Every structure is written in structure tokens, then in C-alpha cells.
Amino acid sequence: MAANTNTVPFVSVENMMRLALEIGVEEAIAGIADCIEEDFRRWPLFDKTPRVASHSAEGVIELMPTSDGIDYGFKYVNGHPQNTKEGLQTVVAFGLLSSVETGYPVLLTEMTILTALRTAAMSGVATKYLAPKNAKCLAMIGNGAQSEFQALGLKRICGIDTVRLYDTDKEATAKCARNLVNSGLKVVSCQSAEEAMTGADIITTCTADKKNATILTDNMIGPGVHINGIGGDCPGKTELHRDILLRSDVFVEYPPQTRVEGEIQQLPADHPVTELWEVITGAKSGRTRDEQITLFDGVGFAIEDFSALRWLRDQIAGSKRYVLLDVIADPDDPRDLFGMVQREKDRM
Ligand code: NAD
């Protein structure tokens, strides 16, 4: 990248869309999934903290920082389930990568699309390690902004061939089915969550409602399935009935964050969970029995965004898919910031 010290490569929404199309959405998800796996394998060396959340009656605004000691990244992201009624998205995001050595930013980017790609990548990684062998059929509950990415990620990473869709809003299901028409997946639109789950080996819940919802009840879940519960990601915002959690082996990203934000907020603070990074390194077991119900209680953790940011930095190197922004005030004499401001008079 041809960045000077005072300019920062910036990936706009337009460039992100074009990049995703040039690479291919499925390939982009797979590339980010590889970066997530690499970073989960070196999990102990990352700086880790639960994200910093500012809650309101309408939603939440969050900052998600982490560092591997060489790069530092953060994402700004919101979650406002009522936004879609106003024609706005539930989730929007942007983020930044910087050099730990100098503190100077090295990449600034939109992250609404990148978050959808990385959330699909994360579900793909969890499903790869936890789903039953030869799982082919996904029940996708919640057919909003994330849903097509989720389905394509599981197709590319886990080899599913069928997706069964359900959303309380029929228009969302129709939109999702339309968008997946040339995906190579068999798409079945369903009238209820129960119907969507018929024959599914993998269930992904990705709904948005700021309450303790019950998208799935215990009687809907047969033995041997893998569940990605990713829409419950805030205090007071869950999707699964507590009894499902008690029958499942629960896998999480970062327990101090998931215990507050995930499905397991419904359980005592000492309920046993397995950290997914330990399954990836082989230190802990994933699925051990055919009839076992595995639940990835995904809330989205900063390291996944870091993985997506460093993937993006590599993708834009040598490409046209960024512009340079004048973000850093960087005087020739580092201590003469005031003089630099004064000299600007002559150029006005
Ligand atoms: P969205 O608003 O675009 O879509 C949500 C969909 O859920 C809507 O179509 C809505 O009609 C549907 N829905 C609501 N209640 C339902 C119910 N009871 N049964 C079936 N469908 C129902 O939102 P989105 O951007 O797709 O995000 C979905 C959820 O995922 C949000 O809650 C968001 O916060 C969460 N999310 C999590 C992560 C993560 O890393 N875990 C990342 C991104 C988004």
C-alpha cells in the first residue's frame, strides 16, 4: 500500500462491495475464516477485554478493541433492532487497524459489510469444528441482513447444500430466497420455525429483538444438531429457551463477554462452557457423540474483527480498492504542530 505516514488507506462501502464481488462473497468469507482460525490458534497472545457497551432503550453502541502486540484494531458497531422499521439497518460498523510500534493508523474501513462477512466466517469456523459429520441442511431462522452471508459461509466452509428459511416477516424470507436463487443452494421457504427445522443438521438463529425472546423451544431441538445462536448478543437480548442450553454443550468466544451478552446470561455464572479457541488448537474436545447437541453461543468478539481487518489489509495491497485519507496531522518537525497550522494560511 502506498500510504505516507500522514495518509491512511480507507475502504469505502463502494470499494468493499466491489472487492467482495471481485474476490467472490464465498471466497471472502473463507479467507476471513482462515484468518480467524489462525488468530484463534494464537489466542493467548492477544489483548482481551469484553467490548465496551453503551446501552439505551433502543439499542447498544459498542467499541471492540484488541491487539496482537504488532497491530491494534477496534470496531465501532451498533445494534438497534427497531431501526429496520425506519428504513435503517440494525447493525452498522466501521473500524481501524493501527501499528502498535508507532500508534499510527494503517487502515480505516467501513465494517458493516465486513461484519456480515466475518460473522458468517465465524459461524463457519464454529460449525466446521462442532457440526455432525456430513451435515448438509441448515435451518436459518431470521432472514435479515446477515442471513445470506450466513448461508453462503456454511455452504463454502462446511459443504451444506440446503437452507430452510424462516422469519416472522415473510418479506424478509422472500428477499433472502431471492438473493440465494443462484447460490447453488436448495432454498426452502417455511411458514414456521418448526417447519424450517425439519431435517436440519445445523440451526442458525440470527434474529433481532431487544428482549429475551424464545425463537427456539426445547421440544423443537432433536439430538445431534449443531446450533449457531448469534442474534442474542446483548444483556436482555436472547433467542433460545433456557432448557435448550441445559441440554447442550456450550461453546463460546470469550467467556467474560459471553456470560454478560450471550445465551448463557440465562444460566448461573459458573455453568461450564468451552472456549472455541481451545477446540481449534486441540486442547479441548468439540463434538464427541453423535447425539450431542452443540451450541455455539456467538456474540462476536474483537479478535474476529481484527482477523477481518488484517485480511482486508492484505486484500487491498496493490489494488485500487482504497483511497488515501488525510487523517494524521504529521508536521515535518514533529514538535511544530502549531507552526504547521500557521503555515497553512499561505496555502488557503
Ligand atoms: P436484521 O434486523 O436485518 O434481521 C433480523 C431478522 O430477524 C428480521 O428479518 C426480523 O423480522 C427477524 N425476526 C425477529 N424476530 C423473529 C422471530 N421471533 N422469529 C424469526 N425471525 C425473527 O438484523 P441482522 O443485521 O440480520 O442481525 C441479526 C441479529 O444478529 C441481530 O440481533 C444482531 O445484533 C446480531 N448480530 C450478531 C453478530 C455476532 O457476531 N454474533 C454479528 C452481527 C449481528
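Treat the numbers as computed from the prediction; the structure is a model and nothing was measured. Along the sequence shown, residues carry numbers from 1. Read the numbers this way: they start at 1 and go in the same order the structure lists the ligands and their atoms. When reading the values below, keep in mind they use all heavy atoms of this one structure, side chains included, and skip hydrogens, waters and symmetry mates.
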Sub-4.0 Å heavy-atom approach of Ser147 to ligand 1: no

Asp167 N/O to ligand 1 N/O under 3.5 Å: yes

Distance-only donor-acceptor check, side chains Asp39 and Ser307, under 3.5 Å: yes

Nearest candidate to atom 24 (P) of ligand 1, where distance is taken over non-hydrogen atoms, out of Glu304, Met122, Met64, Gln146: Gln146

Shortest protein contact, atom 31 (C) of ligand 1 (heavy atom only): Thr207 O, 3.5 Å

Distance-only polar pair, side chains of Asp249 and Gln292, donor-acceptor under 3.5 Å: yes

Heavy atom of the protein closest to atom 14 (C) of ligand 1 (residue, atom name, distance): Ala208 O, 3.7 Å

Test item, Gly79 contacting ligand 1 (heavy atom, 4.0 angstrom): no

Asn143 and Thr173 side chains, donor-acceptor separation under 3.5 Å: yes

Identity and separation of the nearest protein heavy atom to atom 22 (C) of ligand 1: Thr168 OG1, 3.3 Å

Phe301: which of Phe46, Trp277, Trp43 passes ring pair (Phe, Tyr, Trp, His ring centres under 6.0 Å): Trp43

For ligand 1, the portion of Lys237 having any non-hydrogen atom under 4.0 Å away: side chain

Donor-acceptor under 3.5 Å (Arg164 side chain, Ala196 main chain): yes

Full working for salt bridge (Lys or Arg N to Asp or Glu O under 4.0 Å) between Glu171 and Lys175: CA-CA 6 Å; Glu171 283 179 25; Lys175 175 266 327 178; over 6 Å; no

Carboxylate-amine/guanidinium proximity below 4.0 Å for Lys284 and Glu275: no

Part of Asn83 within contact of ligand 1 (heavy atoms, under 4.0 Å): neither

Between Gln150 and Thr204: side-chain donor-acceptor atoms closer than 3.5 Å: no

Shortest protein contact, atom 4 (O) of ligand 1 (heavy atom only): Gly144 CA, 3.2 Å

Thr115 side chain to Lys75 side chain, donor-acceptor N/O pair below 3.5 angstrom: yes

Closest protein heavy atom to atom 18 (N) of ligand 1, given as residue, atom name and distance to 0.1 Å: Ile215 CD1, 3.1 Å

Option set Thr90, Val77, Ile230, criterion heavy-atom distance to atom 2 (O) of ligand 1, minimum: Thr90

Common cluster, Leu107/Met17, ILVMFWY with side-chain heavy-atom separation under 4.5 Å: yes

Contact with ligand 1 for Gly298, non-hydrogen, under 4.0 angstrom: yes

Geometric N/O contact Asp233 with ligand 1, under 3.5 angstrom: yes

Closest to atom 38 (C) of ligand 1 (judged by heavy-atom distance), picking from Val60, Thr119, Thr84: Thr119

Nitrogen or oxygen atoms of Ala172 and ligand 1 under 3.5 Å apart: no

